[in-house]
Amino acid sequence: MPKPFPTTVLVLASGFLLIMASSGCGRVELNDELEYPDRTSPVVLMEKHPDQGPPGFPPPGKPPVSVDWLVARGVSVLDPSSITTVAWASGWMAALKEESGRHFGNPGKPRVGATDTPSIAALSAELGMDETKLAEGSRLYRRLCVQCHGVTGDGLGAASLWLSPAPRDLRTGDFKFISAAEHKLPTGFQPLKARPRTEDLVKTLRVGLEGTSMPSFALLGDGPLESLAAYVINLSCRGELEQAVITGVLRQDKETSQAVAKNPAQEEVIRYKRMLSTTLEWEDPEADVDDFMAKLPSPSIKLYAEKYIDRMLREYIAANKNPIPVPAYPYSEDKPIPPASIIAGHALFKAQCVNCHADYGRQSDLRFEVWGSVVRPANLTLSRYKGGRRPIDIYYRIARGIPPCAMPKANLGDSAPAKAGWDLVNFLMALPHPEHLPDEVRAQVYGGSLSKKSGTTP
Amino acid sequence: MSNLFINTSEWPFYIPIALSIFAVLMFALSKAWPRAWSILFGSTLLAVLAGTMVAAWAGLWLPANGASFGGEVDLLFNLILVLTTFFFILTEAILVWSLWNHKPPEGKSPSAIHGDHRLELAWTIVPALLLAGIAVVQMPTWARMKGAGNESWLSTRYEVGSDKADLLVCVHGRQWEWRVRYHDPTLPMPTRPLDWAAKAEPTDLHAVNEIHAYPGAKVRLLLRTHDVIHSFFVPQLRIKQDMLPGRTTPAWFIPTPADSSRENRWEIACAELCGGNHYRMRGQVVIHPDKSAFDAWYASSAGEQSRRKRSEKAVASAPKAS
Amino acid sequence: MSEHPTTGHHAPTGFLSKYVFSRDHKVIGIQFMFSAVIFLLLGGALALAVRLQVGYPEEALGILTKAFPFIGSRVPPEWGGRMSPEFYTMLFTMHATVMIFFVIIPWLTGAFGNYLIPLMIGAGDMAFPTLNMLSYWLMWPGFICIMASFFVDGGASGVGWTAYPTISSAATAHGELASPAARHAGAGHVLWLVSLLFVGVSSLMGSVNYITTVTHCRAPGLSLWRMPLTVWSLFITAILQSVALPPLTVALMMQLLDKTAGTNFFLPPGGLGFGNWSTGPGGGQPLLWQHLFWFYSHPAVYIMILPAMGMVSDVMVAFCRKPLFGYRPMVFSMAAIAGLGFIVWGHHMFQSGMDPRLGTGFMLATIMIALPSAVKTFNWLATLWGSKIYFSAAMLNALGFVSMFVIGGLSGIFMAATPVDVVFHDTYFIVAHIHYVLFLSSLFGIYAATYYWYPKMFGRHMSEGLGQLHFALTFILANCTFYPMHILGIGGHPRRYYDPTLYEFLQPFQPLNRFMTVSAVLLGLSQLIFLANFFGSLVFGRRASTNPWNANTLEWEAPSPPPHGNFENAPVVVRGPYEYAISGSTDHLTQTASGA
């Protein structure tokens with residue numbers, strides 16, 4: 001029955017197998033050669049939060065920022081991909097790419113500050129961002145964070161559109177949960193953004209953001225978490241510089257056009273000045289820009305980039321040095337919260353917070369965040385706190401607000417701000433537990449009877 | 001960075017290639033010597049046995065048991081392992097022997113046996129008895145693992161007797177982490193644990209991804225989820241229980257680590273597909289050396305949770321393992 | 001002999017009616033077979049991508065783009081140089097779906113069932129030829145949906161082939177297709193459900209047809225107890241399918257409605273929350289799906305193994321020239337497996353939160369199902385004992401089936417024991433078990449049957465040499481690929497993990513993972529030998545005679561390949577199928593041969 005088998009077929013077959021098996025053993029391209037892709041997502045310029053809120057949360061699978069909604073509400077949105085249609089700008093975008101690579105490296109070899117800028121290197125060292133730490137952070141980021149937050153920190157990773165709240169876009173330099181007090185830079189300027197302290201970032205990484213898809217990474221250990229936080233600052237600075245340049249390039253208003261029309265030969269200078277002045281306040285804007293222009297043979301943002309990075313790092317350092325002052329707790333630490341404090345906190349809440357946290361947050365209206373994404377002011381009856389559930393965390397939120405969501409800091413008055421602050425905290429801590437509220441407060445929050453159902457919704 | 005390339009010089013790479021060459025050789029040999037096929041079968045089956053033994057010897061085996069009922073589970077596993085290995089060797093040996101000893105095609109015909117009633121009876125009844133035996137011996141263990149029986153601190157209804165438990169822990173699975181909530185062990189246990197699981201008390205201790213206990217503690221878990229099914233799996237505790245949306249599923253364990261003089265840390269894994277980051281639901285069960293160490297951890301975590309002062313250290317904020 | 005057997009339809013004349021929309025059971029069988037072979041390629045490629053990711057979690061995408069440069073430019077930049085975990089969930093989900101619903105079931109019951117049943121019972125065609133044609137062409141909407149699902153928004157289904165709610169069924173209150181629970185649970189998953197609905201209806205039509213054909217169209221003299229085991233197994237499988245498929249169809253419908261029409265069959269009363277999205281309140285029960293699904297899918301495991309058991313018995317007997325040992329016990333044990341198969345579904349749910357007392361009952365039934373499997377194994381061994389053996393490619397695959405089914409069966413006992421299942425549930429031990437049953441048993445059975453009946457189907461032999469080489473490589477490499485999974489499972493390695501190196505207790509197992517990956521790649525490559533052999537032999541194969549294996553059953557009375565109507569003269573059966581080694585001089589007696 002079995003037909004005699006030709007030996008040639010055997011030899012050919014085994015040879016074929018071995019060749020197939022040994023191909024693909026060479027060098028493979030790995031993610032250390034990864035490059036940061038160019039920005040394509042829209043730049044939302046939310047100078048002031050629109051009066052009319054969004055119609056809802058974007059559904060699963062849709063981008064977290066709906067350009068249509070924003071434009072309809074008068075928010076200007078820039079499209080970075082339109083830069084290619086602006087002839088004069090493309091040279092500067094190439095320059096941006098070069099500067100960005102020079103100062104921030106690539107995901108495989110991140111750094112802050114080019115080798116020839118010792119001043120920036122000193123600042124990043126002060127922030128604890130040396131290259132080994134950044135390399136470790138970047139490696140962890142690419143292993144654990146990139147799926148949601150994306151390679152550039154744009155919050156548009158592969159899974160991001162199926163998460164709500166959407167993963168944070170780190171590139172704007174805005175952070176929500178910060179414990180830095182409002183302060184001025186040593187030079188006397190306002191910081192460009194409300195910067196977080198490094199420990200705020202580490203805390204977020206450690207405990208996650210309850211109620212969102214941001215999990216806890218505490219099991220990585222302290223060292224790796226600090227590296228990750230350093231890399232987050234690195235990504236954020238890189239994105240912020242990119243966004244500043246794109247904004248400057250694309251924000252060509254009527255004034256610029258008129259100036260160019262008057263003096264076409266000076267077009268480049270005029271546009272450049274315009275770009276710089278819209279994005280960064282300078283110690284002496286006119287002199288600085290002219291000085292730069294004198295040195296610049298062609299479109300370059302070398303000095304601009306250095307200046308901007310320098311400024312950002314100084315702001316992070318200043319934030320670290322300016323924590324929110326926390327007044328001593330005016331009641332006894334060991335005793336239960338006094339009812340009078342809850343009642344006082346309730347009064348403060350009704351005066352200042354119910355506008356947004358309508359019905360204690362159970363019927364809050366949606367708002368836009370500075371990124372153009374949608375947020376619902378927290379439902380405070382759920383005992384779920386994104387920014388942390390310790391009294392001190394709640395105090396920070398009250399004392400500083402949440403700048404990117406336009407949540408203002410509470411006005412605690414001048415007479416006894418410490419007591420007022422802690423009263424509000426005490427009220428918020430007791431709010432989810434109707435059985436712990438004084439009767440008069442409970443009646444207002446939960447109605448007359450003690451309802452068991454409240455606060456158990458998912 | 002770990003290895004950048006496929007490491008072609010390690011055994012996982014070259015042994016499969018060597019084995020393919022062995023297969024081709026056996027095939028080539030079989031043309032002249034059909035018994036090569038019995039070598040192919042026999043060597044593969046021997047390799048399977050040997051490989052299992054090497055793996056067990058190298059520690060690639062059941063993780064060291066750390067639960068009160070784990071010993072029974074392991075005993076049952078070993079019992080089944082012995083029985084199945086016996087039948088594996090028996091059947092495969094008959095098969096390989098039949099191949100080795102086959103009659104040549106040109107030889108005289110084998111005897112035309114259509115069956116044997118006694119043989120059929122024998123190989124039906126003997127496995128039936130063994131299987132029934134396995135079925136019976138495991139029932140008490142199963143009942144105990146799932147919380148039946150008359151231990152007063154456990155109950156399938158989970159509304160009575162809870163006051164005897166040492167720790168009551170609600171584990172809330174989310175995409176993709178475990179939110180853990182302890183009932184304050186210094187307070188009396190709630191009379192209605194399911195209500196407590198549904199609604200936090202101000203005195204509860206909240207933690208993420210970490211469950212702390214101490215040797216001998218009677219730990220009752222109430223498992224919940226509000227998004228998709230997760231499964232709470234701790235290999236060392238021999239515990240695996242799905243969390244069903246809309247339900248509170250009970251589970252329990254008493255940690256009995258082999259070496260309780262040190263802190264034991266066992267990883268929690270999710271065992272039911274819960275989305276892309278299913279593999280990321282890594283948690284830890286921390287077994288402190290004794291109750292006092294646990295109490296110290298609890299007190300410091302509870303203190304941290306009620307912190308009203310700014311931390312002096314640059315980085316310190318959350319309840320954290322000691 | 002008597003007159004030409006009836007087919008119920010005339011011989012087709014046009015090309016379309018002859019080869020495409022044919023009502024001839026042989027053409028339909030071959031159509032099923034070709035679709036299954038093509039889907040085998042797809043399923044295998046998906047499996048290799050899965051294995052690469054688990055073996056080399058950091059490098060898998062780099063290796064893939066290196067090996068296949070054309071995918072390099074198609075990798076989404078947001079993946080960051082690694083495969084995204086969501087994509088990985090899609091890979092293993094679609095691997096399982098394709099292999100189970102588009103390869104093994106169609107190949108075993110669709111291809112061989114259609115081709116062999118009429119031939120082996122001496123009928124001219126199926127009882128309902130048009131229904132038969134419809135059963136194949138209903139596969140096509142299934143094919144189209146499942147292929148289309150790869151290209152829709154969010155990608156193909158990635159919720160596991162078991163599609164457990166609520167990850168699969170969750171939908172926002174506004175009724176978008178995109179799921180709030182997972183990226184790969186949106187439009188792709190809806191298509192998955194639709195596809196399976198079509199496949200299920202197709203199988204249902206096939207099984208009704210098989211049952212009727214076997215009960216009504218047998219040749220004169222072919223009593224039930226003279227039917228070959230292949231026909232018995234396909235008959236029992238058809239009964240299994242016809243009972244088990246309706247619940248699955250219902251369950252698929254329910255999930256489809258949950259996804260698209262806002263029903264709440266699997267949504268718990270409190271609803272589900274996914275951050276800012278919520279499903280709104282429900283009123284159903286996620287566990288219901290598991291009951292319905294496993295009520296089908298556990299019998300489905302037997303649907304995927306019983307026909308292979310029957311065919312392997314026939315192949316084995318032909319190549320060891322000895323009567324089958326214990327013909328009736330073999331039939332009874334198949335019937336027992338089928339019967340018990342309906343009351344064991346709960347063993348998939350021991351850890352699901354089902355009442356543990358129910359688990360005890362399911363455990364008893366499950367343990368007892370090992371018994372008929374053991375009886376079958378012992379009977380095969382007794383058949384082999386002291387026989388002549390022709391080591392043909394078909395026989396080797398049949399032997400591979402028997403030896404590997406032992407491992408698959410024995411490992412099942414661990415999971416049947418409820419306390420041990422606590423450790424092994426949803427670990428790689430299950431993956432090992434299912435692959436020993438489905439790959440190393442069912443697929444070996446399929447290969448054996450293909451080598452054995454290929455001469456009848458196409459009138460040409462497949463190359464024996466390539467077939468034997470293919471077997472040798474497959475046997476060794478499949479063991480290398482799947483056996484270490486047992487070890488991983490014992491160590492507690494959960495299945496469906498994208499990157500096991502995250503866990504300290506899994507890191508020692510990573511070399512084994514790489515070993516399995518390398519073996520799997522080689523295994524995948526060696527299947528190309530089979531494909532080359534399969535397609536090459538259509539043209540270059542040696543011509544086959546009517547009865548090349550000197551076998552007894554009726555299909556070997558028909559010419560190779562059989563013409564329309566199958567038999568020139570309707571066969572009349574005078575004896576059972578396994579009359580070999582009658583006496584010193586008579587090697588075998590066919591079922592129709594007079595004498596001795």
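Chain letters run A, B, ... following the sequence lines, proteins first, then strands; residues in each count from 1.
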Take atom CH2 of B:Trp57 as the centre, draw a 6.0 Å sphere, and report whether it contains more than 12 heavy atoms from other residues, nucleotides or ligands. no
Please identify, among B:Gly276, B:Cys270, B:Pro12, the residue contributing the most non-hydrogen atom pairs under 4.5 Å to chain C. B:Pro12
How long is the straight-line distance from CD1 of B:Ile229 back to OG of C:Ser168, given to the nearest 0.5 Å? 8.0 Å
Please flag which part of C:Asp499 lies under 4.5 Å from any non-hydrogen atom of chain B: side chain, backbone, both or neither. both
Against chain B, work out which of C:Leu396, C:Asp355, C:Asn479, C:Thr360 has the most heavy-atom pairs shorter than 4.5 Å and name it. C:Leu396
Do C:Leu364 and B:Met139 have side chains that get closer than 4.5 Å, going by heavy atoms? yes
Distance check, rounded to the nearest 0.5 Å: C:Leu384 atom CG versus B:Ile94 atom CD1? 10.5 Å
For residues C:Phe515 and B:Ile15, determine if any side-chain heavy atom of one lies less than 4.5 Å from a side-chain heavy atom of the other. yes
Looking at B:Leu131, B:Leu90, B:Thr249, which makes the most heavy-atom pairs under 4.5 Å with chain C? B:Leu131
Just give me the residue among C:Thr427, C:Val406, C:Leu267 that pairs up with chain B most often, heavy atom to heavy atom, under 4.5 Å. C:Val406
Where the side chain of B:Gln241 meets the backbone of C:Gln351, is there a donor-acceptor pair that is under 3.5 Å apart? yes
Can you name the one residue among C:Thr517, C:Leu523, C:Leu522 that meets side-chain contact (heavy atoms from CB on, under 4.5 Å) with B:Pro16? C:Leu522
Measure across C:Ser352 and B:Asp242 and return the closest heavy-atom pair with its distance rounded to 0.1 Å. CA-OD2, 3.5 Å
Taking every heavy-atom pair that is under 4.5 Å apart, which of B:Ala269, B:Ala55, B:Gly275 has the most such pairs with chain C? B:Ala269
Are B:Leu81 and C:Phe414 side-chain neighbours, meaning at least one heavy-atom pair lies under 4.5 Å? yes
Which bit of B:Leu62 is near chain C, if near means a heavy-atom gap under 4.5 Å: side chain, backbone, both or neither? both
Rounded to the nearest 0.5 Å, what's the gap from OH on C:Tyr503 to CZ on B:Arg280? Could you check? 9.5 Å
Which bit of B:Arg238 comes within less than 4.5 Å of chain C, counting heavy atoms only: side chain, backbone, both or neither? both
Closest heavy-atom pair and its distance - C:Val423, B:Phe233: O-CZ, 3.9 Å
Comparing B:Val137, B:Leu95, B:Thr225 against chain C, the one with the most heavy-atom pairs below 4.5 Å turns out to be B:Leu95
Expected output: side-chain B:Gln175 to main-chain C:Ala181 donor-acceptor under 3.5 Å: yes
Measure distances from B:Leu119 to the heavy atoms of chain C and classify the residue's part below 4.5 Å as side chain, backbone, both or neither. side chain
Hey, are the side chains of C:Val402 and B:Glu92 touching, using non-hydrogen atoms and a 4.5 Å cut-off? no
Residues C:Thr166 and B:Asp227: closest non-hydrogen pair is OG1-O, 2.6 Å
Note: B:Glu272 and C:Asp426 closest approach over all heavy atoms is OE1-OD2, 3.0 Å
Select, from C:Trp380, C:Tyr580, C:Phe475, the one with the greatest count of heavy-atom pairs under 4.5 Å involving chain B. C:Phe475
Are B:Glu120 and C:Arg328 ion-paired here, with the side-chain N under 4.0 Å from a carboxylate O? no
Answer with side chain, backbone, both or neither: which region of C:Pro269 has an atom nearer than 4.5 Å to a non-hydrogen atom of chain B? neither
B:Leu273 vs C:Phe92 side-chain heavy atoms within contact, under 4.5 Å: yes
Mind running side-chain contact (heavy atoms from CB on, under 4.5 Å) on C:Tyr483 and B:Thr52 for me, showing each step along the way? CA-CA 9 Å; C:Tyr483 192 80; B:Thr52 313; 2.8 Å; yes
Separation of B:Asn101 CG from C:Trp385 CH2 (nearest 0.5 Å): 7.5 Å
Heavy-atom pair with the smallest gap, counting every atom of C:Arg495 and B:His278: O-NE2, 3.7 Å
Against chain B, label C:Leu477 side chain, backbone, both or neither, depending on which of its atoms sit under 4.5 Å from a heavy atom there. side chain
What distance do C:Ile367 atom CD1 and B:Ile134 atom CD1 have between them, rounded to the nearest 0.5 Å? 5.5 Å
Side chain, backbone, both or neither: which part of C:Leu399 has a non-hydrogen atom closer than 4.5 Å to chain B? both
Measure the acute angle between the ring planes of B:Phe77 and C:Phe424, then classify it against the limits of 30° and 60° as parallel, tilted or perpendicular. perpendicular
I'd like to verify something: which residue of C:Asp421, C:Leu287, C:Thr501 has the highest number of heavy-atom pairs under 4.5 Å with chain B? C:Leu287
Max heavy-atom pairs within cutoff under 4.5 Å with chain C, candidates B:Gly246, B:Gly115, B:Pro63, goes to B:Gly115
Applying a strict 4.5 Å limit to non-hydrogen atoms, the region of C:Phe325 in contact with chain B is both
Give a yes or no answer on whether the side chain of B:Lys240 reaches the backbone of C:His425 with a donor-acceptor pair at less than 3.5 Å. yes
Report the option among C:Thr89, C:Thr162, C:Leu381, C:Thr366 that has the most heavy-atom pairs separated by less than 4.5 Å from atoms of chain B. C:Leu381
Can you tell which part of C:Gln290 gets under 4.5 Å to a heavy atom of chain B, answering side chain, backbone, both or neither? side chain
With only heavy atoms counted, which part of C:Ala370 is less than 4.5 Å from chain B, the side chain, the backbone, both or neither? both
Among the options C:His184, C:His486, C:Glu579, pick out the one with the most heavy-atom pairs lying under 4.5 Å from chain B. C:Glu579
Can you check whether C:Ser403 reaches B:Phe88 side chain to side chain, under 4.5 Å on heavy atoms? no
Structural part of C:Phe332 lying under 4.5 Å from a heavy atom of chain B: neither
In sequence, state the C-alpha distance, the side-chain angles, and the governing distance for C:Arg357 and B:Lys146, and then conclude on side-chain contact (heavy atoms from CB on, under 4.5 Å). CA-CA 9 Å; C:Arg357 285 167 294 192; B:Lys146 289 293 171 181; over 6 Å; no
What I'd like to find out is whether the side chain of C:Ile476 reaches to under 4.5 Å of the side chain of B:Met26, using heavy atoms alone. no
Are any side-chain N or O atoms of B:Trp142 and backbone N or O atoms of C:Pro356, one a donor and one an acceptor, separated by less than 3.5 Å? yes
Could you tell me the separation between the CZ atom of C:Phe505 and the CD atom of B:Gln236, rounded to the nearest 0.5 Å? 7.0 Å
Engaged part of C:Pro372 at the chain B interface, taking heavy atoms whose separation is under 4.5 Å: neither
Under a 4.5 Å heavy-atom cut-off, does chain B meet the side chain of C:Ala185, its backbone, both or neither? neither
Run the salt bridge (Lys or Arg N to Asp or Glu O under 4.0 Å) test on C:Glu504 and B:Arg265 for me, step by step, so that the C-alpha distance in whole Å, both residues' side-chain angles and the decisive distance to 0.1 Å come before the verdict. CA-CA 10 Å; C:Glu504 274 164 36; B:Arg265 287 176 172 263; over 6 Å; no
Which heavy atom of B:Met145 sits nearest to which heavy atom of C:Pro419, and what is that distance? SD-CB, 3.6 Å
Within the side chain of C:Gln468, is there an N or O that forms a donor-acceptor pair under 3.5 Å with the backbone of B:Phe27? no
Could you look at C:Tyr327 and say if it's the side chain, the backbone, both or neither that has a heavy atom under 4.5 Å from chain B? backbone
